[in-house]
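Here the structure is laid out as structure tokens; the discussion comes afterwards.
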Amino acid sequence: MEVQPLSPNVGAEISGVDLSKPLSDNEFGAIRQAFVDWGVVFFRDQTLSPENHIAFAERWGAININRFFTPVADYPMIAEVRKEPDQKKNIGSTWHTDHSYDQEPALGSVLYALETPPVGGDTQFASMYAAYDALSEGMKETLGGLKAWHSSRHVFGADVVSLYEDGKRRFQNAENAVQDALHPVVITHPLSGRKALYVNADFTVRFDGWTKEESQPLLDFLYKHGRQPEFTCRFQWKPGSVALWDNRCTWHCALNDYHGHRRLMHRITVEGEALSA
Ligand code: SIN
């Protein structure tokens, strides 16, 4: 097995492993170490049945059945991330981390590409370790004393989902978009022990004890700061590519630059734990 970094701060491609086969403890240990070191790991040329995909995800923890994404037929554990040639909106085009609206946010997600456009539809990832490390000592001290509210309401609630051309087909259970969670703005990552910035432009609503209006300027600064090219990598998908990202120390953003083509991915999200400062 070989681990090839894609950028200095985030992302590594792993070759020499077949994810459709049960992984030995040594293989799993090496992948886990790369995941801890690089925040997101990529695999190429995989052929995964839904059962293989589920088995790989279950090596990392219990599977979180997504409340809002339309599932793959007969596989409620697998969420469909689809854009059809006649659709203009895609899923996940704002820099974000999945499930930060949960009390125990997801550990990570395993995304498997089935159909990709001839060009475009890349996903960018950003290291929230690098973003945190690059802040001034004064800003670190300020953020270190703060918590922020995250919510699913303004993303998966009926008002927003109805704006999608086919919101009802791509999303479900809008009435269940009622999650609000309070997390430290700077977390200590449960695996690496490193400090990471933990707010994101999709789900974070405001700092605890601050109004939305007071919070937004500082949040906007952090969103701009966190997506600086130096903290990111960019992955070009092909059918058979797999990404496994850590939701606690990375953001991701799915580029929407491939109108007129289908992009079809299967995503499984793995349960995580409560986060602490
Ligand atoms: C997501 O945000 O989970 C989807 C990412 C992608 O489609 O690249």
Side-chain angles (χ1 to χ4, degrees), residues 6 10-11 13 35 39-44 46 48 53 56-57 60 63-72 75 77-85 87-102 105-126 128 150 152 154-156 160-161 164 166-167 169-172 177 199-204 223 226-227 232-259 261-272:
L6 292 193
V10 66
E13 199 165 309
F35 174 75
V40 50
V41 289
F42 305 101
F43 307 84
R44 296 275 185 198
Q46 302 292 322
L48 299 185
H53 192 177
F56 177 61
W60 300 87
I63 290 176
N64 175 296
I65 298 186
N66 195 286
R67 303 173 187 90
F68 307 120
F69 285 37
T70 300
V72 171
Y75 292 97
M77 288 175 170
I78 308 180
E80 202 173 70
V81 177
R82 178 192 284 270
K83 185 180 171 214
E84 289 292 339
Q87 293 175 317
K88 290 286 178 281
K89 282 182 176 279
N90 71 338
I91 292 175
S93 61
T94 304
W95 281 103
H96 68 285
T97 184
D98 303 329
H99 289 238
S100 69
Y101 48 80
D102 281 333
L107 172 150
S109 301
V110 186
L111 191 67
Y112 173 50
L114 286 104
E115 284 186 60
T116 55
V119 65
D122 300 351
T123 306
Q124 292 176 287
F125 294 85
M128 291 304 105
H150 301 242
S152 63
H154 60 287
V155 178
F156 295 116
V160 183
V161 167
Y164 279 66
D166 63 349
R169 199 171 66 74
R170 281 204 268 195
F171 298 106
Q172 57 180 10
V199 289
N200 71 87
D202 245 358
F203 300 117
T204 307
Y223 300 152
R227 61 174 191 257
T232 72
C233 73
R234 177 169 173 156
F235 186 65
Q236 290 184 308
W237 297 91
K238 296 272 177 280
S241 304
V242 175
L244 162 66
W245 63 79
D246 188 323
N247 278 310
R248 291 82 54 93
C249 62
T250 62
W251 290 343
H252 57 280
C253 165
L255 296 180
N256 189 15
D257 55 357
Y258 56 96
H259 297 326
H261 298 281
R262 175 178 293 124
R263 182 176 183 275
L264 175 61
M265 327 285 273
H266 283 181
R267 193 181 95 182
I268 301 183
T269 297
V270 179
E271 296 278 13

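In listed order, ligands and their atoms are each counted from 1. Computed from a predicted model, the values in this text were never measured in an experiment.
In the model, Thr116 has no side-chain atom that pairs as donor or acceptor with a side-chain atom of Arg263 under 3.5 Å. Judged by distance alone, the side chains of Ser109 and Asp98 do bring a donor and an acceptor atom under 3.5 Å apart.
Under a 4.0 Å criterion applied to the non-hydrogen atoms of His252, ligand 1 contributes the atoms 1 (C), 2 (O), 3 (O). The atoms of ligand 1 that sit less than 4.0 Å from any heavy atom of Gly92 are 2 (O). When each atom of ligand 1 is checked for a heavy atom of Thr123 under 4.0 Å away, the hits are 6 (C), 8 (O). Which parts of ligand 1 touch Ala254 is read off a 4.0 Å heavy-atom cut-off, strictly below it: atoms 5 (C), 6 (C), 7 (O), 8 (O). Counting the atoms of ligand 1 from 1 in the order shown, those under 4.0 Å from a heavy atom of His96 are 2 (O). Close approach of ligand 1 to Val81 is summarised as follows: ligand atoms under 4.0 Å from at least one heavy atom of the residue are 7 (O).
Considering all non-hydrogen atoms of both residues, Arg234 and Leu6 come closest at O-CD1, 4.5 Å.
Ring centers of Phe56 and Tyr112: at least 6.0 Å apart, outside the cut-off.
Residue Leu111 holds its CG atom at 10.0 Å from CZ of Phe42, rounded to the nearest 0.5 Å. Between the OG1 atom of Thr232 and the CZ atom of Arg227 there is a distance of 11.5 Å, given to the nearest 0.5 Å.
Checked against a 3.5 angstrom limit, the closest N/O atoms of Arg267 and ligand 1 fall inside it. The shortest N or O to N or O distance between Trp245 and ligand 1 is not below 3.5 Å.
Contacts between Leu111 and ligand 1 below 4.0 angstrom, taking non-hydrogen atoms only, involve the side chain exclusively.
The shell of residues lying under 4.0 angstrom from ligand 1, judged by heavy atoms, excludes Trp251.
The protein heavy atom nearest to atom 7 (O) of ligand 1 is Arg263 NH1, 2.8 Å.
For Gln236, the CD atom is loosely surrounded, since the number of other residues' heavy atoms within 6.0 Å does not exceed 12.
Applying side-chain contact (heavy atoms from CB on, under 4.5 Å) to Val110 and the options Ile78, Ile63, Val242, Leu48 leaves one that passes, Val242.
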